[in-house]
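Residue numbers begin at 1 in each chain, while the letters A, B, ... track the order of the sequences.
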Amino acid sequence: SQQGEEDPQALSIQEGENATMNCSYKTSINNLQWYRQNSGRGLVHLILIRSNEREKHSGRLRVTLDTSKKSSSLLITASRAADTASYFCATDAKLTFGEGTQLTVNP
Amino acid sequence: DGGITQSPKYLFRKEGQNVTLSCEQNLNHDAMYWYRQDPGQGLRLIYYSQIVNDFQKGDIAEGYSVSREKKESFPLTVTSAQKNPTAFYLCASSTRSGKVYEQYFGPGTRLTVT
């Protein structure tokens, strides 16, 4: 089964704008994590939110979690060209990943 | 420096040959994972190991084999039985502290089979 479906598939914005991407999952979770992948590189862990948390912040990142809707969102504020990457969400210990959201931030 | 390494970065093989991808970590992590990523796609779990001398199949284990003889090492063999082996392979590791499973990823190995 596939957990962690990101939406939209692709997002293109201008530098300085906010970027919001969403993640849906299918079964109960203990935590949900967001990762970033630059082209041709490994994934980098960004932030983890536990099932008993509703919102979490880390720098320009804000993550929300709605367990009743089985969904999460990642907001990147004041985006920069360097934020251009693919973003993935993952749930549970085995961390099954969706196809990601490809974010392009235009200078 | 602590981290997780994969070698080589690029690997080319002829069809019908087995090939082994290396993954080493010095983070003292118990769990290690292998993923496959195809262009524009997400990561699919091949195998994972939560402890030395033990491993489990992931979603796409057919045509692959692994071993976990040492805590630091989790090599992946892509056998000739794997029908479409050309892909980007990522190794990861994590601790097993409670329910937190942040994964640390290696830089990946891009395998091309012709």
Side-chain angles (χ1 to χ4, degrees), chain A residues 1-11 21-53 56 58 61 63 65 67 85-104, chain B residues 3-11 21 23-25 27 29-51 55-61 87-112:
Chain A
S1 64
Q2 187 153 10
Q3 294 268 60
E5 301 279 356
E6 296 87 357
D7 172 68
Q9 279 192 315
L11 182 60
M21 51 206 88
N22 304 297
C23 169
S24 61
Y25 57 92
K26 294 177 180 162
T27 63
S28 296
I29 62 169
N30 297 298
N31 66 67
L32 184 142
Q33 305 178 38
W34 284 92
Y35 289 80
R36 165 198 170 118
Q37 183 182 34
N38 287 85
S39 181
R41 308 289 292 273
L43 276 70
V44 175
H45 181 264
L46 293 176
I47 194 166
L48 178 150
I49 186 165
R50 299 176 192 274
S51 58
N52 62 353
E53 297 175 312
K56 198 161 183 180
S58 177
L61 305 180
V63 169
L65 179 64
T67 52
S86 291
Y87 292 83
F88 296 88
C89 65
T91 65
D92 283 329
K94 287 193 286 185
L95 296 184
T96 305
F97 292 84
E99 295 184 0
T101 292
Q102 172 59 54
L103 173 66
T104 302
Chain B
I4 180 164
T5 58
Q6 291 183 245
S7 61
K9 189 173 175 65
Y10 298 96
L11 191 53
L21 281 59
C23 178
E24 304 277 333
Q25 54 97 1
L27 300 166
H29 285 170
D30 287 312
M32 297 186 74
Y33 310 79
W34 273 106
Y35 293 92
R36 169 187 173 131
Q37 187 177 34
D38 292 285
Q41 303 294 311
L43 279 66
R44 291 185 289 169
L45 183 66
I46 304 173
Y47 269 98
Y48 66 103
S49 166
Q50 294 186 323
I51 200 164
F55 49 83
Q56 287 80 41
K57 293 181 179 179
D59 300 321
I60 55 165
F88 188 48
Y89 290 88
L90 286 162
C91 179
S93 68
S94 71
T95 62
R96 293 184 67 211
S97 56
K99 295 293 185 182
V100 178
Y101 291 100
E102 173 186 345
Q103 286 194 336
Y104 293 78
F105 281 82
T109 291
R110 191 167 298 280
L111 173 65
T112 302

Legend entry - OH/B:Tyr104: more than 12 non-hydrogen atoms of other groups inside 6.0 Å: no
Legend entry - Partner residues of A:Arg36 under the side chain to side chain contact (heavy atoms under 4.5 Å, CB included) criterion, sequence neighbours left out: A:Asn38, A:Leu46, A:Asp83, A:Ala85, A:Tyr87
Inset, instruction - State the OG-CD distance between A:Ser86 and B:Gln37, to the nearest 0.5 angstrom. - result: 7.5 Å
Inset, instruction - Spell out, as yes or no, whether a donor-acceptor pair under 3.5 Å connects the side chain of A:Tyr35 to the backbone of B:Gln103. - result: yes
Legend entry - B:Arg44 portion near chain A, given a 4.5 angstrom heavy-atom threshold: neither
Legend entry - B:Phe105 side, atom CZ; A:His45 side, atom NE2 - distance, nearest 0.5 Å: 10.0 Å
Legend entry - Within 6.0 Å of CD in A:Gln9, more than 12 heavy atoms from elsewhere: no
Inset, instruction - Heavy atoms only, distances under 4.5 angstrom: which of B:Gly40, B:Gly42, B:Pro107 has the most pairs with chain A? Name it, please. - result: B:Gly42
Inset, instruction - Could you check B:Leu45, B:Leu90, B:Leu43 and say which one makes a side chain to side chain contact (heavy atoms under 4.5 Å, CB included) with A:Phe97? - result: B:Leu43
Inset, instruction - Sort A:Gln37 into side chain, backbone, both or neither according to what part of it lies under 4.5 angstrom from a heavy atom of chain B. - result: side chain
Legend entry - Closest heavy-atom pair and its distance - A:Gln33, B:Glu102: OE1-CA, 3.4 Å
